[in-house]
Structure formats: structure tokens, C-alpha cells
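Data first, discussion second: the structure below is written as C-alpha cells.
Order of the sequence lines sets the chain letters (A, B, ...), proteins ahead of strands, with each chain counted from 1.
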There are 2 protein chains.
Amino acid sequence: MTSLGGASEERGGELATASRIRDAAIARFGRDGFRAGLRTIAADAGVTAGLIVHHFGSKDGLRRACDERVLEIMRREKKKALTDGTGTMLLAQMAQVEQFAPMVLYLLRSMQAGGELAAELIEHMISDAEAYLSAGEAAGVVRPSRDRAARTRYLAYQATGSMLLWFTLHGGDAEPEKFPALFRQYMDELALPALELFTEGLLVDRSMLDEYLMYVPDPPSAASNAADQDGTAS
Amino acid sequence: MTSLGGASEERGGELATASRIRDAAIARFGRDGFRAGLRTIAADAGVTAGLIVHHFGSKDGLRRACDERVLEIMRREKKKALTDGTGTMLLAQMAQVEQFAPMVLYLLRSMQAGGELAAELIEHMISDAEAYLSAGEAAGVVRPSRDRAARTRYLAYQATGSMLLWFTLHGGDAEPEKFPALFRQYMDELALPALELFTEGLLVDRSMLDEYLMYVPDPPSAASNAADQDGTAS
DNA sequence: CACCAGATTAAACACTCGTTCAACCGCCCG
DNA sequence: CGGGCGGTTGAACGAGTGTTTAATCTGGTG
């Protein structure tokens with residue numbers, strides 16, 4: 001898998017200008033954040049600022065193009081990768097591949113800023129996790145929850161949010177070479193505590209949970225949990 | 001508890017100009033992010049942009065003053081609040097108090113941007129969690145971990161990062177009134193899955209953890225874990 | 001009262017930003 | 001060959017930014 005673009009995106013081994021600009025923008029946005037100027041991106045792509053708005057209409061149009069591009073690649077790569085249901089593994093694997101690393105960085109920046117792309121990605125991760133957890137329950141390796149949808153959202157937000165925070169604090173410089181190593185370090189630090197928590201829990205007795213269940217009789221019944229298995233929650 | 005400032009910060013019931021500017025900056029930075037202009041902040045405080053740099057040297061000086069202020073308030077309030085060791089509870093309680101809400105918002109922005117304040121706050125939360133978990137282990141309510149330090153960092157990053165991500169996506173508008181309600185909603189959505197995970201874990205059997213422990217014989221020994229016990233707990 | 005130091009202001013400065021505009025170049029079509 | 005036409009450029013514009021500077025106002029002190 002050496003070629004990234006679709007059939008119409010390259011021409012005789014040389015990328016079309018618009019695609020080159022878009023890719024340069026993804027890399028620059030990932031490195032410097034979205035406050036990066038059009039002139040900087042233009043210089044990276046070897047063109048002028050005016051040409052960017054000629055092709056994309058505006059800076060916001062360029063961002064939209066970048067968002068769509070990243071989403072497209074993420075969807076394409078997701079099918080090839082083993083996922084842990086939260087997307088962390090997928091991002092980790094993609095970060096190892098030199099060509100995908102800028103997109104992972106762009107995605108992290110996008111989540112820092114909180115745009116539509118970030119929201120959509122999170123929803124994808126949540127629905128992935130839903131399927132993954134449901135499968136795990138069916139296979140008997142995952143304990144059923146009193147509120148599966150809530151647990152799914154909880155786990156997705158925890159996994160994604162902690163990763164985002166970790167990179168915000170430890171990888172603020174955002175050097176492209178150290179990035180895969182940082183990812184590996186993050187997952188190494190994570191693995192043991194996560195596995196411990198997932199298999200053994202944290203608390204010794206059930207009193208806190210039982211107290212909570214006494215006060216809040218809210219969680220949906222097991223029946224509604226089973227009925228949810230086909231579609232997505234609101 | 002109605003007065004926020006120290007003795008030298010107010011004069012006859014009216015805040016000194018520098019403090020008024022600083023507080024306006026905290027509120028404006030929290031609402032609009034750090035790209036907010038000096039003139040906007042100046043207008044909020046009823047002064048001119050030049051006066052701000054006269055008092056604080058530069059925009060960065062203003063940010064440093066805001067950081068110190070927030071850190072000071074956080075430290076002061078921490079002693080009065082019940083904490084769950086991750087700081088989430090502390091922030092939730094402070095967000096309910098109208099006068100503290102802007103600071104919580106500022107803090108979230110600070111973590112989005114990843115400055116020194118954010119790093120310091122996280123370290124505080126981690127050391128708090130360390131003490132809290134150690135006390136829990138000693139009291140026999142928290143299971144000991146094979147690597148307590150790693151688990152502490154893991155839990156702190158999970159709690160803080162998921163909260164940050166949640167607010168980035170759900171509270172991007174950052175309206176000051178809806179903020180306490182958002183916080184309550186976040187914790188309501190969280191409580192059940194968190195308690196479930198903490199008391200029952202996620203996985204049915206130990207195979208994944210045991211496999212990992214076979215491959216990585218790294219975690220510090222129980223002896224080194226026990227030796228840590230005196231330093232941090234208070 | 002005279003005077004000075006600090007608070008405060010309005011204007012200007014130097015810069016970057018996204019965007020616009022007129023011109024130019026090279027290619028394809030007639 | 002001629003003529004468009006999209007790709008591309010460089011310069012300019014206007015609105016922002018943080019910061020500087022000179023002038024004004026104000027309050028306390030000798």
C-alpha cells in the first residue's frame with residue numbers, strides 16, 4: 001500500500017496540485033494547529049496563498065477538504081486493522097506508518113479544537129465499541145453492563161480523552177519523527193493498569209456500587225439492553 | 001466565602017483595576033479561548049488595551065497572572081472540598097459556584113492548549129490520586145496494583161482527559177449559565193459505568209492480563225510499591 | 001501651591017491574517 | 001495559427017493582532 005490517493009488524484013506519479021495542497025495542509029495543521037497561516041501551507045506545497053483559495057474557496061473550505069480526506073482514509077484503513085473497539089489501537093497502528101502519521105496528528109488537533117470531524121470520529125468510535133462490546137458479551141468474555149450504551153460512551157471517552165490529553169501535554173512540540181515512539185510509550189504505560197482495571201476492577205467490595213444502585217434505579221432493564229442490539233441509541 | 005481576592009486585592013468593596021482586568025481575562029479566555037484579543041478583554045474590564053500591557057507587561061504576562069490566580073484559587077478550594085482523588089469532583093463542585101465557574105472554564109481551555117498550568121494541575125491531581133489510592137489500599141477498600149504509580153497516572157489521565165474531551169465536544173459554545181448543568185449531566189452519565197468498571201471490571205476471565213504478564217515481567221515488585229507508601233499519603 | 005509618580009487614554013506602528021484582483025503563462029481546441 | 005480558459009502568480013486591501021509612545025489626568029507629598 002504505497003499509494004494514498006484515489007484514481008483521480010494522481011497523474012503519472014505526480015500528485016495533482018489540489019491534492020498536494022491538501023496534504024500539505026493536513027501536515028501543517030497537524031504540526032502547528034489550525035492557526036497556521038495559508039501562506040505557510042502554500043510555501044509547504046510550493047504554491048501561493050491565492051491558489052489555495054482559488055481551489056478551495058476559503059481557508060474553511062480547505063479545512064473541510066482536509067476533514068473529508070482524513071475521514072476517508074480512516075474509514076478505508078479501519079477495515080484492515082485490528083481494533084480494540086475504542087480506536088486507540090487503530091490510531092496507534094496508523095501512527096507507525098509514515099504516510100499516515102500526519103493524519104493522526106491532524107486528528108488529534110481536530111479533537112483539541114472540537115469540530116465536526118472530531119464529533120463524527122467519536123461517534124464512529126462509539127458505534128465500533130458498541131459492536132465490539134456486544135460481540136464480547138455474546139462470546140462470554142465481557143461482562144454485561146446494566147446500561148450498555150452508557151458504558152460504551154464512557155469507555156470511548158476515557159480511551160480517546162486520555163490519549164488526547166497525554167499528547168497535549170507530552171507531545172506538544174509535535175515533532176513528526178518522535179511521534180510513533182510517543183505512541184508506543186503511551187500504550188506501554190497504559191497497558192498494565194488498563195488490563196488490571198479491566199480484569200480485576202479497582203474496588204475490593206461492592207458497597208459503593210450497591211449504594212448507587214439504591215439511590216438511582218435509573219439504568220435501563222436488561223430487556224431494553226438486548227433490544228438495542230441492532231441499531232444505534234439516539 | 002463571598003470575597004475572592006486577598007487582602008491587598010480590593011479597596012473599599014471595589015476591586016483594584018489590575019485584579020479586575022485579570023478576572024475579566026480569565027472569564028474571556030475561558031469563553032473564547034486564548035485567541036481572544038486584548039481589546040476585547042480591555043472592554044470587558046472597562047479599560048483600554050494599553051493599560052493591560054502597562055500592568056502585565058504583555059499578553060503573555062497577563063496569561064501568567066491568570067494561571068497563577070487560578071492555581072492559587074484551586075489550591076485554596078481544594079482543602080475545603082471532598083475529592084475523589086482525580087480532581088473531577090473538585091472541578092464539579094467549583095463549577096456549581098458562580099464565582100468559580102469561569103476559572104474552571106479557563107482551566108479546561110488551558111488543558112486544551114497544553115500549557116504549564118495544565119501540566120502542573122495534572123501533576124497535582126496525580127499526586128492527590130496517589131495519596132487517595134494509597135489510603136484506599138491501606139484501608140482495604142482499594143485493590144493493590146502491580147505498579148501503583150502507573151495505575152495512578154492512568155486513572156488521572158482517564159478521568160481528566162475524558163472530561164476534557166466531553167466538554168470540548170458538548171460544551172464548545174461554553175455558555176457560562178449552562179456550564180454547571182453540563183457538569184452535572186457529565187457526571188450523571190459517568191457514574192454508573194464508572195462504578196461498574198471499578199467494582200466488577202470489564203472482562204470475565206483473567207487470560208488477557210495473564211498473557212500480558214507473561215510477556216512483560218516489568219512491573220516493579222511489591223516491595224518497591226510498599227516502600228512508596230510513606231512519602232505521599234497525608 | 002508646586003511638583004512628581006503613577007494610572008489611564010487615544011493614536012500610531014508594525015505586523016499577520018484571509019481574501020480579492022488584475023495580470024500572466026501554457027495548454028488544448030477550433 | 002488564433003483564441004480562449006483554467007492554473008498560477010504577485011501585489012494589494014482591510015481587518016485584525018500585540019505593542020509602543022506621547023499626552024492627559026489624578027492624587028499624594030514636600
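For the OP1/OP2 pair of D:dT8 and a distance below 4.0 Å, the side-chain nitrogens and oxygens of A:Thr17 include at least one atom meeting the criterion.
If you find the closest nucleotide of DNA chain C to A:Val53 and to B:Gly50, the one lying nearer the 5' end belongs to B:Gly50. Mapping A:Gly57 and B:Ala49 onto DNA chain C by nearest heavy atom places B:Ala49 at the nucleotide closer to the 5' end.
If you check every strand for non-hydrogen atoms under 4.0 Å, A:Ala18 touches nothing. Within the 4.0 angstrom heavy-atom criterion, no nucleotide atom of any strand lies near B:Ala42. When heavy atoms are screened at a 4.0 angstrom cut-off, B:His54 is found touching base atoms of the nucleic acid.
When the options B:Arg28, B:Arg22, B:Arg31 are evaluated for a salt bridge (Lys or Arg N to Asp or Glu O under 4.0 Å) with B:Asp44, the one that passes is B:Arg28.
Here the side chain of B:His55 is nearest to one of C:dA7, D:dT9, C:dT19, namely C:dA7. Of the candidates D:dT9, C:dG18, D:dT19, the closest approach to any side-chain atom of A:Lys59 belongs to C:dG18. Comparing C:dT9, C:dT19, D:dT19 by their nearest atom to the side chain of B:Leu38 picks out D:dT19.
Distance, A:Phe34 CZ to C:dT16 C1': 20 Å, rounded to whole Å. Rounded to whole Å, atom P of D:dT24 lies 18 Å from atom CG of B:Leu51. Atom CD1 of A:Ile52 and atom C1' of C:dC17 are 13 Å apart (whole Å). Distance A:Leu62 CG to C:dC17 C1': 15 Å, rounded to the nearest Å. Atom C1' of nucleotide C:dT19 and atom CD1 of A:Ile41 are separated by 14 Å, given to the nearest angstrom. The interatomic distance linking B:Phe56 (CZ) with C:dA7 (P) rounds to 12 Å, in whole Å.
Using a 4.0 Å cut-off between charged side-chain N and carboxylate O, B:Arg76 and B:Glu72 make a salt bridge. Salt bridge status for B:Arg64 with B:Asp60: present, with a side-chain N to carboxylate O gap under 4.0 Å.
Around the CD atom of B:Glu123, the shell of radius 6.0 Å holds more than 12 heavy atoms that belong to other residues, nucleotides or ligands.
Remark: the A:Arg39 side chain and the C:dG18 base include a donor-acceptor N/O pair separated by less than 3.5 Å.
With hydrogens and angles left out, the side-chain atoms of A:Tyr186 and A:Thr88 include no donor and acceptor closer than 3.5 Å.
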